[in-house]
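Some notes on the structure that comes next.
Proteins come first, then strands; the chains are lettered A, B, ... in the order of their sequence lines, and each starts at number 1.
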There are 2 protein chains.
Amino acid sequence: MAKAPTVEDVARAAGVSRQTVSNVLNSPAIVRGATRERVERAIAELGYRPHAAARRLRTRRSSTIGVRLDPYRGGISGVVLDRFVHALTERSSERGMRVLLYAARTPAEEIERLSDLVDGGEIDAVVLTNTFYADTRTSWLQARNVPFVSFGRPWRAADDDDEPPHPWVDVDGAAGTRAATKYLLAHAGPRIALLGWPEGSGTGDDRARGWHEAMSAAGASGPRWSTEDSLALARDLVGAELAADPTIDAIVCVADSLAIGAHLAATALGRPELPVVGFDNTPAAEALGISSVEQLPEQVAAGVLDLLMGPTGGVVLRRDPAEDEAHVLVEPRLVVR
Amino acid sequence: MAKAPTVEDVARAAGVSRQTVSNVLNSPAIVRGATRERVERAIAELGYRPHAAARRLRTRRSSTIGVRLDPYRGGISGVVLDRFVHALTERSSERGMRVLLYAARTPAEEIERLSDLVDGGEIDAVVLTNTFYADTRTSWLQARNVPFVSFGRPWRAADDDDEPPHPWVDVDGAAGTRAATKYLLAHAGPRIALLGWPEGSGTGDDRARGWHEAMSAAGASGPRWSTEDSLALARDLVGAELAADPTIDAIVCVADSLAIGAHLAATALGRPELPVVGFDNTPAAEALGISSVEQLPEQVAAGVLDLLMGPTGGVVLRRDPAEDEAHVLVEPRLVVR
DNA sequence: TAGCATAATTTGATCGTTCAAACTTTGCCA
DNA sequence: TGGCAAAGTTTGAACGATCAAATTATGCTA
């Protein structure tokens, strides 16, 4: 296998200097048309590709985004994150970026990993998933001035000054359940129940709010049930409630796991056609023919890159971290089945 | 933010030369104990971390493994791959390796991506998933002498000389269904059906074989049904077959999607307790309380790294590609619910 | 066509590490 | 204690790209 050609080889072949070859690659606009074509021909003939490590060393940029792969927890909704990572990878490569994975079991271990990756110049930016209240990772990243965006809002009290803001992208959960509720009001009937998680989770409360708003706006009302995120618990709960109150016309759920439980309960009670809407549009819901709110991970990925790199650039931007409340809120889409 | 320290800084602080610092990091055995400790102290005090790009440039190794993220196809079984990628990331970092993702929609596009990554020195090795018959990617990688391992056997005719062998890791599907069948023979009864895919898929036939072997060995018999990989089709098929032949004691399925369909059909016929075993142990099966054969992606990941790097090394090995039939066959585990 | 501003191109230095070879110290034996 | 091999350490060069500054070519105006 012959040695890979370098800029030097291309330059010689095209009768120009190293730097001109570099310019053709990085700022073609400043090279004269005729010269550029000659260089491009030489590049193609030699099959030249820039050596990433050399470029990184000189520019001090790795053009790489670090993403933590969360430990597999089981459960149905992991798919959303996987689709997000996939979309991020695709869109990153369009922008000349790469996605590097890392694994960590605890926040402390994650910070250790990030130290290695950041100090070693392996990544220019980080995408955090599953952020939580008083997250040590966000403050660490801000202190180190590492560009990052989180997938998920910082759910914090309005009067909380301890947690400085940071850029984030999230899906508008309330909009999703609002759309689901409106659809059911129009097609199923006025008695629509909400099946949610116990109050206190930012995401769950947000999704519940969408149902509540849509119901109020329509002058309708329905019960609000809650349970932990478990198909079996949801099945039992909905079974009991439906048996006690057969007037329910439809159920909006804050997660597909709950929706599947609700659907099975309804089926067991002889009402397999009872409309149920879930959240996340997981393969399981799809396979069972249950409607669901789709998170559109592709748009989340696009939003993340916009925040990190601006609407068009190919380089990670370094902004003033102190006052960055930039964010993107993606409108989810109702998938009716 | 102060400039990151370099080997030079560490060397000065410890009163030794650059190279000695480098040796402490890369071959500590050849450095005298006292010197080593002094250098290690300096490293810790300065918080030094080697700059990955400089190292890569000099050593011409990226210590990075490329993994393609397959396009999201929907369907229930994607989880296995995701768990595999996660396990690979964890184990790689234990060996000083990183995992870089790339996306591609077609084999041709994938080869284009790989060209960039390999020629650019971004990856030292590749893990292929979803290999298929006459896969252009494997021959391309072999021609370029790029180390790689596939997750999944090359299912080829025994007399096929066109396809040179390559290292692979796979799960022993037959062993999985064999275990499931034996378990059901012992706990449910002798009439065990197999629900498989149409003949011709390597994976599906392999799994069906396990059932067949276990049944023959026990002198038992049962029908073999096939359908495409669809929950709804499986439900309809099993519903009809069970109604026609109520003597069935249990069903072994080659995928969780089919198992869920079978379970729902049984439930609808008033036999919710009919034992059904799936394959892949997906969250959906878990949530529904369906037994399943677990692929153990962690062991697959370990096998992949062993093949790429040997049982202990920290460097990707470059073997003779012409005669490499090395492989690892992982024994899956039956999860009873 | 001379003069000059601007565009286009080239040259030398540099990023941080490891390799290869030269050099110095250590420890052992006669 | 001198000699010498082995162990330990240092030095100069190189990996392949881009930056910054210097140089040369081009085109326009008077």
Contact class for B:Thr6 (heavy atom, under 4.0 Å): base, sugar-phosphate, or nothing?
-> sugar-phosphate

**Report entry** A:Ser92 side chain near A:Ile65 side chain, heavy-atom distance below 4.5 Å
**Finding:** yes

Closest non-hydrogen contact found for B:Arg38 with B:Ala14 is NH1-O, 2.7 Å

In whole angstroms, the gap separating C1' of D:dT18 from CD of A:Glu8 amounts to 13 Å

Judged by nearest nucleotide, the residue sitting upstream toward the 5' end of DNA chain D, B:Ala54 or B:Val31, is B:Val31

To the nearest angstrom, the CG-P distance between B:Leu25 and C:dG16 comes to 16 Å

B:Arg56 CZ to D:dA17 P, in whole Å, measures 15 Å

Rounded to whole Å, CG of B:Asp9 lies from P of C:dC15 at a distance of 11 Å

Distance col, row A:Thr89:OG1 vs A:Phe84:CZ, nearest 0.5 angstrom, shows 9.0 Å

Separation between CH2 (A:Trp168) and CH2 (A:Trp155), nearest 0.5 Å, reads 7.5 Å

Nearest heavy-atom approach of A:Met309 to A:Gly314 is CE-C, 3.3 Å

NZ/NE/NH1/NH2 to OD/OE distance under 4.0 Å, A:Asp124 and A:Arg98: no

Against the side chain of A:Leu57, the closest entry in C:dC15, D:dA17, C:dT10 is C:dC15

Rounded to the nearest 0.5 Å, the OG atom of B:Ser62 sits from the CE atom of B:Met97 at a distance of 7.5 Å

* Asked: Taking only N and O in the side chain of A:Arg60, is any of them less than 4.0 Å away from OP1 or OP2 of D:dT18?
  -> no

Here the residues of residues 42-52 of chain A within 4.0 Å heavy-atom distance, strictly under, of DNA chain C are none

The reported gap from CG in B:Asp9 to OG1 in B:Thr6 (rounded to nearest 0.5 angstrom) is 4.0 Å

Residues of residues 112-121 of chain A with a heavy atom under 4.0 Å from any atom of DNA chain C, listed by number, are none

Students should find that the end-to-end axis angle of the helix from C:dT1-D:dA30 to C:dA30-D:dT1, with five pairs defining each axis and rounding to 10 degrees, is 40°

ask   = Between A:Thr20 and C:dA8, does any side-chain N or O lie under 4.0 Å from OP1 or OP2?
value = no

Checklist entry - Are any of the side-chain heavy atoms of A:Leu128 and A:Leu141 separated by less than 4.5 Å? => result yes

Distances under 3.5 Å only, N/O to N/O: pair up the protein atoms with those of nucleotides 21-24 of chain C.
none

Heavy atoms of A:Thr131 and A:Ser150 approach each other most closely as CG2-CB, 3.6 Å

Rounded to whole Å, CZ of A:Arg61 lies from P of D:dA17 at a distance of 15 Å

- request: Using a 4.0 Å heavy-atom cut-off across all strands, classify B:Thr59 as base, sugar-phosphate, or nothing.
  value: sugar-phosphate

Side-chain polar contacts of residues 42-59 of chain B - donor-acceptor pairs under 3.5 angstrom, sequence neighbours left out - could you list them?
unit_1, atom_1, unit_2, atom_2, d
B:Arg49, NE, A:Asp119, OD2, 3.2
B:Arg49, NH1, A:Asp116, OD1, 2.2
B:Arg56, NH2, A:Glu122, OE1, 2.8
B:Arg56, NH2, B:Thr64, OG1, 3.4
B:Thr59, OG1, B:Arg55, O, 2.8
B:Thr59, OG1, B:Arg61, N, 3.3

Exercise for the section: Considering just the side-chain nitrogens and oxygens of B:Ser22, establish if one lies under 4.0 Å of OP1 or OP2 belonging to C:dT18. Expected result: yes

Does the side chain of A:Asn26 get closer than 4.0 angstrom to OP1 or OP2 of D:dT18 through an N or O atom? yes

dist A:Leu69:CG -> B:Leu101:CG (nearest 0.5 Å) comes out at 8.0 Å

In short, B:Leu307 meets B:His327 closest at the heavy-atom pair CD1-CA, 4.0 Å

In whole angstroms, the gap separating P of C:dC19 from CD1 of B:Ile30 amounts to 10 Å

B:Val127 and B:Val304 have their tightest heavy-atom pair at CG2-CG1, 3.7 Å

Using a 4.5 Å cut-off on heavy atoms from C-beta on, say whether the side chain of B:Tyr102 contacts that of B:Glu109. no

Does some side-chain heavy atom of A:Val300 sit less than 4.5 Å from a side-chain heavy atom of A:Leu88? no

Atom CZ of B:Arg55 and atom C1' of D:dC15 are separated, to the nearest Å, by 15 Å

Under 3.5 Å between N/O atoms: give me all the protein pairs with nucleotides 24-26 of chain D, atom names plus distance.
none

The nucleotide from C:dT9, D:dC15, D:dC19 with an atom nearest the side chain of A:Arg58 is D:dC19

Atom NZ of A:Lys3 and atom C1' of D:dA17 are separated, to the nearest Å, by 13 Å

Output for pair (A:Arg137 CZ, A:Glu110 CD), nearest 0.5 Å, gives 4.5 Å

For a quick check of understanding: with a heavy-atom distance under 4.0 Å over all strands, which category does A:Arg18 fall into, base, sugar-phosphate or nothing? base

